[in-house]
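We use all heavy atoms of the structure for the numbers below, so side chains are in, but hydrogens, waters and symmetry mates are not. Residue numbers start from 1 in every chain, and the chains themselves are labelled A, B, ... in the order their sequence lines are given, proteins ahead of strands.
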2 protein chains.
Amino acid sequence: MKTYSLGEMKDKHIGPIGSSERDEYEYELRMEVLGKMIKTTRRERNLTQEELGKLVGVQKAQISKLESSTNSATIDTILKVFSAMKAEINFNVRLEDNFVKL
Amino acid sequence: MKTYSLGEMKDKHIGPIGSSERDEYEYELRMEVLGKMIKTTRRERNLTQEELGKLVGVQKAQISKLESSTNSATIDTILKVFSAMKAEINFNVRLEDNFVKL
DNA sequence: TTACTGGTTTCTAAATTTGGAAACTTTGCA
DNA sequence: TGCAAAGTTTCCAAATTTAGAAACCAGTAA
């Protein structure tokens with residue numbers, strides 16, 4: 001049973017914690033990493049974009065757009081894609097302590 | 001440092017693993033739970049929808065829609081909201097073993 | 001070189017989300 | 001009860017995503 005976390009993906013695709021790249025892009029790369037996760041999962045399943053497209057019910061071009069984070073995908077779309085690959089995507093929230101209510 | 005996982009949220013808002021509700025809604029409630037996570041985090045921060053709206057830069061009605069999963073939010077929107085609350089949302093993917101490529 | 005597979009890009013239309021405004025409902029409390 | 005704050009819903013316009021189609025761009029193998 002294979003699992004990737006966001007952290008691993010960031011280490012791999014952006015850089016380790018503390019590196020300037022990692023710090024700088026910490027926010028905006030979230031979305032991009034999601035695309036990478038789709039790609040990684042698809043590869044893990046040995047699927048081409050076209051095959052995945054068929055499973056999801058869209059054209060390969062759509063998959064390409066999702067993987068490259070061409071646009072900010074909808075939760076609905078994301079769930080559909082992972083579901084087609086029989087992969088479960090989970091979210092979890094961590095509260096940071098540096099929050100002050102004005 | 002508080003953390004919620006998707007699992008906890010589902011236990012709390014839907015029912016424990018094995019319960020019929022939990023099984024039945026396992027797929028389609030994912031989206032809904034994300035809304036609940038926003039709400040829970042907001043409460044944790046002691047914010048009203050209006051206050052959170054101000055932080056994000058939208059009206060309280062928007063926050064309401066997001067929390068109730070009126071529509072399938074965009075990743076971009078979700079990140080903006082959690083970011084405004086100084087909360088980090090993470091994803092992770094688990095490959096299920098019951099996948100057969102045709 | 002040619003052909004083929006896998007991936008990306010552009011264009012266009014349709015569907016959906018975003019957002020503001022205002023009315024409405026619920027909740028909580030004095 | 002009655003008031004005010006908090007949350008929800010509806011309506012509408014603007015922006016964005018989704019989706020298909022087709023052209024295009026690697027690679028790679030014959």
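- To the nearest angstrom, P of dA5(D) lies 18 Å from CG of N46(B).
- Between F82(A) and L95(B), every side-chain heavy-atom pair lies at or beyond the 4.5 Å cut-off.
- Each end of the helix from dT1(C)-dA30(D) to dA30(C)-dT1(D) yields a helix axis from five base pairs, and these two axes differ in direction by 40° (to the nearest 10 degrees).
- In terms of heavy-atom proximity, R42(B) sits nearest to E67(B) at NE-OE2, 2.5 Å.
- With contacts defined as side-chain heavy-atom distances shorter than 4.5 Å, the pair T41(B)/I38(B) does not qualify.
- The two atoms that bring F99(B) and M85(A) nearest to each other are CD1-O, 3.7 Å, heavy atoms only.
- Atom-to-atom, CG of L47(B) to P of dA5(D) comes out at 17 Å; the value is rounded to the nearest Å.
- A donor-acceptor pair is defined here as one N or O able to donate and one able to accept, closer than 3.5 Å; such a pair exists between the side chain of T48(A) and the backbone of E51(A).
- Residue S69(A) comes nearest to E32(A) through the heavy atom pair OG-CA, 3.3 Å, listed as atom of the first residue, atom of the second, then distance.
- Of all heavy-atom pairs spanning L55(B) and A84(B), the tightest one is CD1-O, 3.9 Å.
- Residue R42(B) has a polar side-chain atom (N or O) positioned under 4.0 Å from OP1 or OP2 of dG7(D).
- Between the CG atom of L34(B) and the P atom of dT17(C) there is a distance of 14 Å, rounded to whole Å.
- No side-chain heavy atom of Q49(A) sits less than 4.5 Å from a side-chain heavy atom of Q59(A).
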> In B/S/- notation, 5' to 3', how is nucleotides 16-23 of chain D contacted by protein heavy atoms closer than 4.0 Å?
Replying inline: -SBBBB--

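- N92(A) and M37(B) get closest at one heavy-atom pair: CA-CE, 3.9 Å.
- A straight line from CD of E67(A) to C1' of dG7(C) spans 9 Å, rounded to a whole angstrom.
- Spacing between atom CD of Q49(B) and atom C1' of dT25(C) amounts to 13 Å, rounded to whole angstrom units.
- Remark: P of dT27(C) and CZ of R43(B) are 12 Å apart, rounded to the nearest angstrom.
- The side chain of S64(A) contributes no N or O atom lying less than 4.0 Å from OP1 or OP2 of dG7(C).
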